Amino acid sequence: MSAAKQSSYKRWPSWAAMALVTVVLLAVGISRAAEPRTADERVSAITARIACPVCNGESVADSRAPSSDQIRTNVERLVTEGQLTDDEIVQRIDDNYEGDLRLEPGGTGFEALAWILPGLAALGGAGALAFVFNRWRANSGSRTPSEEDRTLVEAALHPGGGDES
């Protein structure tokens with residue numbers, strides 16, 4: 001077995017460990033950020049997910065329109081009642097108004113593609129880069145200079161024909 005192959009076998013555990021640590025840290029970060037702790041944080045998080053019915057591209061949390069104030073008050077009431085989850089509150093508000101007020105796509109059906117496709121594209125791009133770099137490295141190691149290449153380099157280094165005496 002060549003030294004290059006032995007070296008690559010020794011490196012993969014460190015890459016696997018780094019990938020595992022990254023996945024664990026991302027999972028911890030996502031789980032901690034999943035649910036706001038206080039009622040005010042919940043209201044802010046929920047109203048940031050709902051579009052203002054009269055503003056163009058603005059959330060209820062950012063808008064100062066009277067209809068947004070009414071929605072914020074309704075969300076505060078539903079949060080203090082404590083009987084619904086955040087998703088259920090967003091759905092209830094969305095059902096009470098004409099049109100789709102959700103700023104985030106849903107997690108099922110066709111809307112799930114908005115969540116899945118960017119991750120798949122990044123994963124596919126990383127896989128393609130790994131394939132190309134691996135192929136590039138494999139091809140570059142097998143090339144040895146020919147006698148003609150050596151002659152050209154020697155001529156470029158010593159333009160006088162090699163006689164320096």
Side-chain angles (χ1 to χ4, degrees), residues 4-143:
K5 282 215 180 248
Q6 285 179 345
S7 175
S8 68
Y9 287 133
K10 290 179 182 176
R11 283 187 277 170
W12 79 265
S14 61
W15 283 102
M18 187 168 51
L20 180 66
V21 167
T22 302
V23 168
V24 168
L25 290 176
L26 285 172
V28 168
I30 289 171
S31 67
R32 286 195 176 171
E35 290 294 323
R37 293 186 194 108
T38 66
D40 288 338
E41 288 174 343
R42 276 189 73 197
V43 169
S44 295
I46 293 168
T47 56
R49 294 171 53 190
I50 302 171
C52 172
V54 294
C55 307
N56 189 14
E58 199 170 10
S59 72
V60 169
D62 297 331
S63 173
R64 295 298 159 224
S67 58
S68 291
D69 289 337
Q70 181 184 11
I71 292 173
R72 266 192 306 278
T73 304
N74 196 7
V75 168
E76 288 171 3
R77 181 183 55 77
L78 292 170
V79 166
T80 50
E81 287 176 3
Q83 297 176 359
L84 300 174
T85 66
D86 293 359
D87 291 335
E88 291 171 338
I89 292 173
V90 170
Q91 185 62 45
R92 181 173 286 183
I93 298 295
D94 189 42
D95 290 344
N96 290 339
Y97 285 87
E98 204 173 293
D100 189 13
L101 294 184
R102 291 177 294 152
L103 290 176
E104 296 176 348
T108 59
F110 186 70
E111 292 176 338
L113 289 177
W115 296 106
I116 295 170
L117 285 181
L120 289 177
L123 196 60
L129 282 175
F131 174 76
V132 168
F133 285 146
N134 193 23
R135 189 171 178 190
W136 182 30
R137 185 178 55 180
N139 287 342
S140 67
S142 64
R143 294 189 182 182

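Only a predicted model underlies this, so the values are computations on that prediction, with no experimental measurement involved. Because only heavy atoms are used, hydrogens play no part in the values below, and waters and symmetry mates are left out as well, while side chains stay in.
To the nearest 0.5 Å, atom CD1 of residue Ile46 and atom CD1 of residue Ile93 are 9.0 Å apart. Atoms CG and CG, on Asn134 and Leu129 in that order, are 12.0 Å from each other to the nearest 0.5 Å. How far CG of Leu101 is from CD1 of Ile50: 7.5 Å, rounded to the nearest 0.5 Å. The CZ atom of Arg137 sits 11.0 Å away from the CZ atom of Phe133 when rounded to the nearest 0.5 Å. Distance CD1/Ile71 to SG/Cys52: 6.5 Å, rounded to 0.5 Å. Atom CZ of Arg92 is separated from atom CG of Leu84 by 4.5 Å, given to the nearest 0.5 angstrom.
When all heavy atoms of Tyr97 and Ser67 are compared, the closest pair comes out as OH-O, 4.4 Å. Across all non-hydrogen atoms, the minimal contact from Leu113 to Pro118 is O-CD, 4.0 Å. For the pair Ser68 and Val60, the tightest heavy-atom approach, listed with the atom from each and the gap, is O-CG1, 3.5 Å. Here the closest heavy-atom approach between residue Ala48 and residue Leu103 is recorded as O-CD1, 3.3 Å.
Looking at Arg77 and Glu81, a side-chain N of the basic residue comes within less than 4.0 Å of a carboxylate O on the acidic one, giving a salt bridge.
When the salt bridge (charged side-chain N to carboxylate O under 4.0 Å, His left out) test is applied to Asp94, the partners found at least two apart in sequence or on another chain are Arg102.
Side chain to side chain, Gln70 and Asn74 fail the donor-acceptor criterion of an N or O pair below 3.5 Å.
Atom CZ of Arg64 has more than 12 neighbouring heavy atoms from other residues, nucleotides or ligands inside a 6.0 Å radius.
Checking Arg42, Arg49, Gln83 one by one against Ile89, the side-chain contact (heavy atoms from CB on, under 4.5 Å) holds for a single residue, Arg42.
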